[in-house]
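Inspection log for the structure reproduced underneath, given as structure tokens.
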Amino acid sequence: MTSASNDEIVLTREPIDAAALAASVRAPEDGAVATFDGCVRNHSRGKTTLYLEYEAYEPMALAKMAEICAEMRSRFSIHRVAMAHRLGRLEIGETSVFVAVSAAHRAAALEACRFVIDTLKRTVPIWKKEFFADGAVWADGETPSIPAETPSRKAASD
Amino acid sequence: MTSASNDEIVLTREPIDAAALAASVRAPEDGAVATFDGCVRNHSRGKTTLYLEYEAYEPMALAKMAEICAEMRSRFSIHRVAMAHRLGRLEIGETSVFVAVSAAHRAAALEACRFVIDTLKRTVPIWKKEFFADGAVWADGETPSIPAETPSRKAASD
Amino acid sequence: MQVRVLFFGRVREIVGRSEDSIELAPGARVEDLFARCRELHPALGPYRASLVASRNQEFAPWTSMLAPGDEVAFLPPVSGG
Amino acid sequence: MQVRVLFFGRVREIVGRSEDSIELAPGARVEDLFARCRELHPALGPYRASLVASRNQEFAPWTSMLAPGDEVAFLPPVSGG
């Protein structure tokens, strides 16, 4: 699922091909590509993790991811973005989220990459369930900010 | 050329395999891998770049890169690092420098990755010459800080 | 009027289904819809403070007015990434 | 005493070679070595303010004392990355 020309936004139940996404944002006018790869750790809460399951409110998650791209473009001089989140069951070591950003200069690429992953974790309706030997728990999450009583659509993403 | 167990430090005249380096830092205990890929832009100083040449004071450059890794480990909770710099002639779009850092958590990986590339540009004795249609120029660089009059070896890297 | 309500994560498990259709009086707000859901699924009560609402795929205040056919969700804290 | 001096980048181009062996009086400092190099290659003069010195692969003050066999370099501003 792809949105605006230079933004690739993906929710997928298949393994994420990080190298292909990193290559996809790169162009001759770029001097920098920053990436972030979130992967499934073998431990959490002091216990051994067996696997994870992710679910999403898919159309809203895609809309929020597109809003993050738009907001990032208003803040940073970047060229292309790819952001992908995996859904369903993930094994240890697999990539759950991947972000790649290209830019002419390094500061924009690095700062935009960080902005994407930090904002995604606060605002995109995706949920993680952690499975341990002794049971499963929904991860502690972050509560998104709510718009004011008379919301404007634009303010709703923060 | 590899240094301490979890630090891979490379100067090479061959193309850098970014995907392989990114994969090499990844382990089951990691939740995050951040990378930075510096690539050759097709323009600089308002002109079309034809190609670049990099040269290094190789043994000192490797020593400074190792110092950056040590300093990074004292500042950030990270797991593995790979840093590679290409030397010789590079064409447009090729990777000149690549950094990959793994960590349990995203903030450490992202901040350490940025620390590496920012510090490398200030302290590692590598020089870039830019070739244009109308001639070649050595890139404006940064002058490394010098230790005090009675230098200690430890302070020399800043 | 009828609205569609969606459940995700912990809320989906408590309710035992991922969506429902609810009949409400005209003029109802998001908070009235939640009250109705809590009548149907009392176990939701303790989670109210941790939830945020969405209306037609935008975060929305609890006081938002609903319209027929709206799609509403009560979202637990998000934990993507 | 004899020391080895290395040239890189713009300095290498000005000097026309990448290294040299220089004979110095005992007690010479890094700045004395640079003065000797400038006598041999006057075009180096204007670059003095932009250079930093290294001694045995560590950045070093211009006042550092040299020892026989030292490896010194006069480094232009670095531009890796």
Side-chain angles (χ1 to χ4, degrees), chain A residues 16-23 25-44 46 48-52 79 90-121 128 130 139, chain B residues 16-23 25-44 46 48-52 79 90-121 128 130 139:
Chain A
I16 291 171
D17 186 342
L21 287 174
V25 300
R26 198 180 171 116
E29 61 264 45
D30 300 323
V33 175
T35 76
F36 177 81
D37 184 328
C39 30
V40 181
R41 259 195 332 226
N42 62 6
H43 61 98
S44 178
T48 298
T49 304
L50 302 180
Y51 61 94
L52 301 182
H79 181 211
L90 276 77
E91 309 299 330
I92 304 304
E94 290 196 295
T95 293
S96 56
V97 62
F98 187 78
V99 178
V101 181
S102 63
H105 300 287
R106 78 183 187 282
L110 289 160
E111 288 163 19
C113 184
R114 172 142 207 185
F115 173 81
V116 168
I117 186 64
D118 286 353
T119 310
L120 181 147
K121 285 181 169 265
K128 171 168 70 175
E130 301 176 293
Chain B
I16 291 172
D17 187 342
L21 286 173
V25 300
R26 198 178 172 117
E29 61 265 46
D30 300 323
V33 176
T35 76
F36 177 81
D37 184 328
C39 30
V40 181
R41 261 199 328 238
N42 61 7
H43 60 98
S44 179
T48 298
T49 304
L50 301 180
Y51 62 94
L52 301 182
H79 181 211
L90 277 77
E91 309 299 331
I92 303 304
E94 290 196 296
T95 294
S96 56
V97 62
F98 187 78
V99 178
V101 182
S102 63
H105 300 288
R106 79 181 186 284
L110 288 160
E111 288 163 19
C113 184
R114 173 144 207 183
F115 173 81
V116 169
I117 185 66
D118 285 354
T119 310
L120 181 146
K121 284 179 168 266
K128 171 169 71 174
E130 301 175 293

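Chain letters run A, B, ... following the sequence lines, proteins first and then strands; every chain starts at 1.
To the nearest 0.5 angstrom, B:Thr95 atom OG1 is 3.5 Å from A:Arg26 atom CZ.
The candidate from A:Leu110, A:Val99, A:Ile92 with the greatest count of non-hydrogen atom pairs under 4.5 Å with chain B is A:Leu110. Interface check for chain B: of the options A:Pro28, A:Ser102, A:Gly93, the most heavy-atom pairs under 4.5 Å are formed by A:Pro28. Residue with the most contacts toward chain A among B:Ala18, B:Ala27, B:Gly31, B:Cys113: B:Gly31 (heavy-atom pairs, distance under 4.5 Å).
Neither the backbone nor the side chain of A:Ala22 has a heavy atom closer than 4.5 Å to any heavy atom of chain B. Heavy atoms closer than 4.5 Å to chain B are found nowhere in A:Ala23, neither backbone nor side chain. Only the backbone of B:Glu94 has a heavy atom closer than 4.5 Å to any heavy atom of chain A. For A:Ala100, no part lies near chain B; criterion is any non-hydrogen pair under 4.5 Å.
Listed in order of number, the residues of residues 34-44 of chain B that approach chain A to under 4.5 Å between heavy atoms are B:Ala34, B:Thr35, B:Phe36, B:Asp37, B:Gly38, B:Cys39, B:Val40, B:Arg41, B:Asn42, B:His43.
Here B:Ala103 pairs with B:Ile78, B:Ala108, B:Ala109 under the side chain to side chain contact (heavy atoms under 4.5 Å, CB included) rule; sequence neighbours left out. Taking B:Glu29 as the reference, nothing meets the salt bridge (charged side-chain N to carboxylate O under 4.0 Å, His left out) condition, with sequence neighbours excluded. Partners of B:Asp118 under the salt bridge (charged side-chain N to carboxylate O under 4.0 Å, His left out) rule, at least two apart in sequence or in another chain, are A:Arg106, B:Arg114.
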